[in-house]
Amino acid sequence: MREIKVERFDIRHTVESAQPLAFFGDMKKDGKGVTYSYKDSLIEAEQKSNVLKYSSYGSVCCSELKREIETRFRLCDDMSGVYKKIGTDQFMKEAIKKYYGMRITKNDPWETTLCFLISQFNNVKRIRGIVKRLVVAYGEERAFSTGNVELKFNSFPTPEELAKRSAKDLMVHGAGFRAKYIESVAHACSESFDLQKLYKKKYCDAKEELMELDGVGDKVADCILLFGYGKTEAFPIDTWVKRVMEKVYFKGRNKKIKDICSFATERWGQNAGYAQQYIFWQGRSLGIGK
DNA sequence: ACCCAGGCGGGCG
DNA sequence: CGCCCGCATGGG
């Protein structure tokens, strides 16, 4: 068990706020820790006030593990600076106070892509269920014995593994009409489409390329860029964010996605992604628009 | 029963 | 282009 000091970090808000970790990871019952698969390994992380304890089962070495933890939870982000930039109005101040320490997570691009393909026209509980069933069905099973306890988990299914299945196979797991997108994108990513190359592209260019994938539109592309590539200028606008934005910043008037997007970019710039996460999670908790 | 969910693609004007 | 509709599924 290793430790790292953390400030302005809350593992519960971070893991529970409908980011990819909420879909394929497991929150511990007490809400203070999480377990999730990383490559061939299983990682555990647990927070005790200002200390994040972590450990792993599997082949990942300790320097890589440290880097993975710091990257995944974006521990190097200057949250004080972020809060200063986005906490400029009453709504944001309250959201920040309520979910203080909630970070954007940085996840694997493919894993993020699959999660958000499934997210469309869907709800958080079902997304998690579908992702979980795909992991069980098509992830590689791994087991470790830790003292007297046998630990089993599945790694996240690769594009190659999913590409072997037809949309009809995938339907069994409840993916619904999204199954055809999963099939198509799994094929693309295991053959011609190179997700890795998007790291070095600018936000706009990367987004344009992502949207060539079947089932990836404006919103899903922004989610992939934010949670899968760490491009924090992305501002995904779903039904919740749209409603909050209209109510809080546009006097309740119906606005187009494009207008909301340019407002957010102008107001929050590189921190738009963070602003979005607080808006989204606070909007849901307040039930805005319902 | 009815409505909605971290939208998208296709078809039409 | 912009607008509108259908779409699988299950929980509230």
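Protein chains get the first letters and strands the later ones, always in sequence-line order, with residue 1 at the start of each.
Here the C1' atom of nucleotide B:dG7 and the CG atom of A:Leu210 are 15 Å apart, to the nearest Å. The nearest whole Å value for the distance from the CG atom in A:Asp222 to the C1' atom in B:dG7 is 12 Å. If you take CG of A:Leu213 and P of B:dG7, they are 18 Å apart, rounded to a whole angstrom. Rounded to whole angstrom, the span from the CD1 atom of A:Ile182 across to the P atom of C:dT9 amounts to 12 Å. Following rounding to the nearest Å, A:Met211 (CE) and B:dC8 (C1') show an atom-to-atom distance of 9 Å. If you take CZ of A:Phe177 and C1' of C:dC5, they are 13 Å apart, rounded to a whole angstrom. Rounded to whole Å, atom C1' of C:dG2 lies 13 Å from atom CG of A:Asp259. Counting to the nearest Å, the P atom of B:dC4 and the CG atom of A:Asp238 are 15 Å from each other.
Not counting sequence neighbours, the partners of A:Arg74 by the salt bridge (Lys or Arg N to Asp or Glu O under 4.0 Å) test are A:Asp77.
Residue contacts shown for A:Ser184 are absent, as no nucleic acid heavy atom lies under 4.0 Å away. A:Arg284 comes within contact range of the sugar-phosphate backbone alone, with a heavy-atom separation under 4.0 Å but no base atom that close. A:Leu226 comes within 4.0 angstrom of no nucleic acid atom, judged by non-hydrogen atoms across all strands.
Between A:Phe73 and A:Phe9, the ring planes lie perpendicular to each other; the angle is over 60°, past the 30° to 60° tilted range. Ring planes of A:Trp268 and A:Phe263: perpendicular class, angle over 60° (limits at 30 and 60°).
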Convert the base pairs of DNA chain B into dot-bracket notation, remembering that pairs crossing earlier ones are written with [ ] and that bases paired across to another strand are shown as |; include only Watson-Crick or G-U pairs under 3.5 Å. .||||.|||||||
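One P atom belongs to B:dG11, the other to C:dA8, and the distance between them is 15 Å to the nearest Å. Between the P atoms of B:dG9 and C:dG10, the separation comes to 24 Å (whole Å).
Judged by distance alone, the side chains of A:Tyr203 and A:Asp222 do bring a donor and an acceptor atom under 3.5 Å apart. If you check the side chains of A:Lys242 and A:Asn254, you find a donor sitting under 3.5 Å from an acceptor. Side-chain contact check for A:Tyr99 and A:Glu16: no donor-acceptor pair (N or O, by modelled atom type) lies under 3.5 Å.
Taking the six-membered ring wherever Trp is involved, the centroid distance between the rings of A:Tyr278 and A:Phe91 does not fall below 6.0 Å. For A:Phe153 and A:Tyr57, the gap between ring centers reaches or exceeds 6.0 Å.
Nearest approach of A:Met211 to A:Ala221, heavy atoms of both residues: CG-CB, 3.8 Å.
Here B:dC8 is the nucleotide among B:dA5, B:dC8, C:dA8 with the atom lying nearest to any side-chain atom of A:Asp218.
Not one side-chain nitrogen or oxygen of A:Arg243 sits closer than 4.0 Å to the OP1 or OP2 atom of B:dC4.
Take the nearest nucleotide of DNA chain B for A:Val216 and for A:Cys223: the residue whose nucleotide is more 5' is A:Cys223.
Under the 6.0 Å distance and 45° angle rule, A:Lys251 does not count as a cation-pi partner of A:Tyr249.
Of the residues in residues 118-137 of chain A, A:Phe121, A:Asn123, A:Lys125, A:Arg126 come within less than 4.0 Å of DNA chain C through at least one heavy atom, sorted by number.
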